[in-house]
Every structure is written in structure tokens, then in C-alpha cells.
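The structure appears right after this line, and notes come after that.
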2 protein chains.
Amino acid sequence: MSQLTEQPAEGPVPTSADVARLAGVSRATVSYVLNNNTAVRISDPTRRRVREAATELGYVPHAAARSLRAGHSRMVLLPTAHLPSTPLHHRFLHGLESGLRRLDYTVVQYGSIGLDPDDAARAWAELRPVAVIAPGSVPLAPQGIAVLRRSGAKAVITLGPQPVPGAHALITDQREVGASAVRHLLERGRHRIGVVMPAEAGPALFAGPRLAGARRAAAAGRARVEELPLHYTEESAAALAARWSTLGLDAVFAYDDAYAMLLMRALQDAGIQVPEDTAVVGADDSMLGRLLRPRLSSVRMELATVQPLADLVDRLVRHPGTEPERHDLLRARTVHRESS
Amino acid sequence: MSQLTEQPAEGPVPTSADVARLAGVSRATVSYVLNNNTAVRISDPTRRRVREAATELGYVPHAAARSLRAGHSRMVLLPTAHLPSTPLHHRFLHGLESGLRRLDYTVVQYGSIGLDPDDAARAWAELRPVAVIAPGSVPLAPQGIAVLRRSGAKAVITLGPQPVPGAHALITDQREVGASAVRHLLERGRHRIGVVMPAEAGPALFAGPRLAGARRAAAAGRARVEELPLHYTEESAAALAARWSTLGLDAVFAYDDAYAMLLMRALQDAGIQVPEDTAVVGADDSMLGRLLRPRLSSVRMELATVQPLADLVDRLVRHPGTEPERHDLLRARTVHRESS
DNA sequence: TTGAAAGCGTTACCAA
DNA sequence: TTGGTAACGCTTTCAA
């Protein structure tokens, strides 16, 4: 048929038994050598023979067999929801991942969008991860946590604005973002503050807490806060801008820089002066904001450094059964530019 | 110590033997029932007893044991480089993933940034994936392909602008992006065309091919193309804008919308009129471009629909040893707005 | 210093 | 219709 011969022959996958045969030793010896087992002394010539045999055959150990025998894996599972995310988020994930790799964990992302929460937890559990770090964008109920723990996960950790009962929590408290923006606006003398609420599903997760933080800061400063639902479309922005004067607002916190740009453009097109008539504050402190005119004031966020976090995960894995811990990751401060 | 008792007891993980014991049947029967094995008839009462026992124990099958026994897994490994990517890219990945899930594959992403190419391939091979789909941002050499094939991967597929010898290739031919932009500019009567070359490592992968496509289209239209290295900073953009008049260009293709915005802003700040003095074209057709003034002309890209792609992967897995195939995924056309 | 053998959780073959 | 058993690849204990 289409069984054309290729360079890497369609042969059977080499096992440690093949290596042993070629090196003229037992499988045990192969295991000792390749795992640098110090508890047992192997002669240097033997070591060399084993190594050479392994290389010659292109032997790669079988992770499944290994963890089956060991009774546990070193896989850390990171369910993902594939939301386009910010550079900050990317740096964080990458840092966490390489931190864990340094501790000899295998980090694996498992796309879980559109799965029923229970199915998802079961699917993760089948892989018998030693730890699961679930972002808030992925549904994880106490039910799912129980399944994971029963299947041997030593640590179940959530990552997001909300903790989940029974799991450890790395908290990115988005309320601080909204609060920082509103405090900034209060300092600039604004008291009637709109807060853009993205209608899209992805941002919705963060939008609620940001609004709550904005409300809290506003209450402390005798300011008024008004929710402003907005789709990420020009039409929606234009519609909002058209009724802007009826809202009686002198400032707006626009969820993030992208929504801020969308709204600011619509406001300007509708003849509303920024910042004179209305101050605008975004969030993410992206390059985008610096390129707008007026330059966009924006909430800058910083996440905790990651090596300590990887160490934390490691500690939780080694001491399962500790009370759920909470760790606050997010710091926010507003960078003042021209739009406010 | 810190061994506080928790709700999900620290007990042993339930196995199919436990389910069998509780249901009063053999392990084989459990396997038949839970896998809906049709080759074997099991009485309904037995089925029910087994199912109930499994639920009661919270039994989840052990994927490693299963694939060890089966001699193969259904894992598709997707090495990732964690570049912040476009919504288009996200939609594509998510679609491919759910398409493969529908075909009963387990899709897993493996962050591989900063790994030596050979180490990376070995690490992937340890998981014994049935297929590997490696984006161009992840280094994969013929050496690595051989390791993967030897370890049982039925299909090794690259995804990006360049094919790799020995692997199947899903090609996103970025040359077409540059060519489309330049053809558009030629139609608008421009003949001295700058092409922005991002100095950052991430975009560099796409920048070369886009430039090559631009050159090809320019040659066909007797136009001149000039490379313009640019860092993604305001300073770099300002520096480029400052020497703009000495370049004698009447148009620029700016790699993507973000770089286009950066450059367009710098040009405007330097008093250069867009599009009168210089036409600007971006790429990605993002919301960003529609919000700029003048509105940004941009190359819109479309990727092939994904279910056929998932089917393709499935076919390659079922017919290993077929000649490396190439499939072209990318379509590009330029959307004309005000900046050109 | 090395080897033989058991066992991890599954599934598939063959008997009963 | 159901059960016993062997085997997948690996590590580790015990014996030589």
C-alpha cells in the first residue's frame, strides 16, 4: 500500500531489555546505569557499554511504565482555556513552568475548553498528575477536586480571582485593579465614574472583581460608580458614546487598554474631550496605551516572582493534606499619563 | 505533623480490582463493562453492579496502565513556545484540539521553550505520543524526528512557514502575506516600499518569509523593497521616523498591525502624512487597525478549517510511513482602508 | 558487581 | 456469560 519505507524504520520501539541484550547485561543493570543509581556500584566499563547500547538503539525510557511502577508521576497538569492572554500572563506561565521543570516536574497543558467540569476533572485524573494548577477560566468544582485527590493528586491548586473550597489558591485579586484605577481618578478630582463591563465571556471572569474593587474604592471616596456594558465592537462603543452626555460621568475605567482604546476612539469621534470632559483609565499598561493620543493612563499589574511559586507547589506536593493555603499574587498601581 | 485530615481521605487510589471486589466480579468483567466492550455479552444486573461500584469508589482508569497494555497511546503532543499569539492562532489551535478530541485523541501541550532541541524531543518521546504537532517556534531537527519515530510516534507534523525534512508539514506560507500587501501597494501606485523587520525573536520567524514574499511581488511589479529593522519600542520607531525622508519611500508594509501602529504613530509625530506621503499596511486585520486614524489597511489571514485537519492527522496516524505530506493552510488578502 | 523475579493497573485471549 | 492469566516496560528487593 502506502507503506513506503522511510529513514527511521517502522521497527518495534526499543526497550530497556533491548539495551540490556545489546550491552550483555541484565535489565536491572541498565536501569541502575541510566538512572545514575548511587546505591549500587557498577563498574565503569559496564556503565560505558550500557550507555553506548542505549545511544545506539536510540532508547528513550517509557514514562508511563516508569510511573506505573513507581506508583506516582511527576506530572503537573495545567488545564488551559486558550484565551488570548496578555504578555504578563504569558511570562508568568512560562516562568512557573520552567521553575517546575527545574524541580524535575513535567509540566503539561491540557486544553479543557468546552468540557463539562466533571468530565474534565475525570480526564485530568486519568493522567494521574501529582498536581493540578487550574486557572479560573477553567471550571473546577469541589466535586472535581475530590475526583482528583482520590486519583492521587497531591496538590490541587486554583489560579485566579476566586478561591475554590478544598483547593489551594493562588489568588490574583482583580479587585485591586479596579480599586487602584478609581483611587487614581479620585485623586484627579473625578467623582462620577463609569466602569466598562465587557460583554464577552473571557473577560467576564475578571470584570466582576474589578468592578467590585472599583465600587469599594468609590465608596471610600464618596464617588458614584456606574456599570457600562460594552461589546468589543465599534458599533457597541459608538452606541455607548452616543448616550454619553446623558450619563453624567466625568471619568471611566475601561477594563483594559484594548477596551479603553475602543471607547476612547468612540468618545473622541462623538466630540467628547479626553481628559477634559471625561478621564479614561485602562489596564495592562500595554504598549498600545503609550501610542494613543492622549496617552492612556493605565493600571500596571505585577505578578509574584515565579521561582518561589514553583517551590510552593513543590512543598504542597511533598506535604499533601495541609490545610488549603491562599497566596496573593497580584500587585496593581496606576500609571498616570495624559488621558486622566 | 501537618497531616491534618481532609475530606477526601488520603487513602490508596481505587483500581479496577477494587471495583471488581466491590461488585463481586472479576477484573476482566469490570474492564468489559466500563469499556462498553461489545464483543462480550454481560448481563444487565452485572453491568449495573459494576457501574455502581465504580461510581461509589470514584474509580478513574489509569491512562498509563492502559496505554502500556495497549502498546500505544492516543496522545497528540503539541509542543508550545508560549508566544503571545493572535486570536486567529488561538481559534486555530482550539479548533484543532477539539477536532482531535472528537476523534478520541488526548491533546496535550508541552511547554518546550528554552530546551535544547534534542532534549526536548527526548522529553516528548518519553510520553510515547501517537502524534506530535510542532509549531515552527519550537525547534525540531531531523534528529528529533528520528527519536520520535523510533519511540513510536506514528505522525510527526510541523506547523509553520517552513517544512522540516522527514516530517509532514502544515504550512502557513507567510510569503503570501507580504506578497498580498505589496501587490495592494502596487495597485495603489506605490513603488518604493519599506518592509518593517521586527528585531524581536518571536516575530522573526514570520518576518523573513513575509519579506521574501514582498520582494517577490515587488520584483514582478518593478518596485523597490527596503528592509527596515525595528524594535518594538517608541524610541526605535522615533529613530526610524527621524530618518524617514532620507529613505525615499512612499509606502511601508509594517509586519503586523501592532508594529504598524507603532510606526504610524511615530511617522505622524514626525510630521509625515499617512497615506499622502507614505502609505502604511499592517497585518492581522485586528480591531486595533479599525480604531486608528487613518484606519489601517491590513492583510487579513485565514487558516484552513480545522475539522478536515484533525481528520488529516487521524489519517496520518493510521497510515504511518506515508511520504511526508505538505498542506497549505494560509490564505491572505489585503483589506483596504484609509492608510494606503 | 550483577541477575532473577515480582509487581504496578490494564486489557485480551482462552477456558469454563 | 464470566473468570483466570499473561503481558505491556520499568524499577527495586533480594540473592548470588
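Because the structure is predicted, anything quoted here is derived from the model rather than measured. So you know, we letter chains A, B, ... as the sequences are listed, proteins then strands, and number each from 1.
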Notebook entry, point to check: Does any non-hydrogen side-chain atom of B/Val156 lie less than 4.5 Å from one of B/Leu140?
Noted result: yes
Next item on the list: Taking the side chain as every heavy atom from C-beta outward, state whether A/Leu316 and A/Leu312 have any pair of such atoms under 4.5 Å apart.
Entry: yes
Protein-nucleotide distance ([X], atom [atom1]; [N], atom [atom2]), rounded to Å:
X	N	atom1	atom2	result
A/Asp44	C/dT1	CG	P	9 Å
A/His72	D/dT12	NE2	C1'	12 Å
A/Arg21	D/dC10	CZ	C1'	15 Å
B/His62	D/dG9	NE2	P	16 Å
A/Glu126	C/dG9	CD	P	15 Å
B/Arg128	D/dG9	CZ	C1'	9 Å
B/Tyr59	C/dG9	OH	P	10 Å
A/Asn36	D/dC10	CG	P	16 Å

Margin query: One pair to check against side-chain contact (heavy atoms from CB on, under 4.5 Å): A/Arg128 and B/Val13. What are the steps and the verdict?
Written below: CA-CA 10 Å; A/Arg128 296 291 192 272; B/Val13 179; 3.8 Å; yes
Checklist line | Side chain B/Arg69 and base C/dT11 donor-acceptor under 3.5 Å | finding: yes
Margin query: For C/dT10, does the base pair up with any side-chain atom of B/Arg27 as donor and acceptor (N or O, under 3.5 Å, distance only)?
Written below: yes
Check this one for me: any side-chain N or O of [X] less than 4.0 Å away from OP1 or OP2 of [N]?
X	N	result
B/Thr29	D/dT2	no
B/Thr15	C/dG9	no
A/Ser16	D/dG9	no
B/Ser31	C/dA12	no

Check: Which one, D/dT2, D/dC10, C/dG9, comes nearest to the side chain of B/Ala65?
Finding: C/dG9
With a non-hydrogen cut-off below 4.0 angstrom, is [X] in contact with a base, only sugar-phosphate, or nothing?
X	answer
B/Ser43	sugar-phosphate
B/Val40	base
B/Thr46	sugar-phosphate

Check: Under 3.5 Å, is there a donor-acceptor pair linking the side chains of A/Ser151 and A/Trp124?
Finding: no
Item checked: Along DNA chain D (nearest heavy atom to each residue), the more 5'-positioned of B/Arg47 and A/Asn37 -> B/Arg47
Note to self: Taking the nucleotide of DNA chain D with the nearest heavy atom to each, does A/Leu68 or A/Tyr32 sit closer to the 5' end?
What the structure shows: A/Leu68
Checklist line | Heavy-atom closest pair, residues A/Arg74 and A/Asp314 | finding: NH2-OD1, 4.4 Å
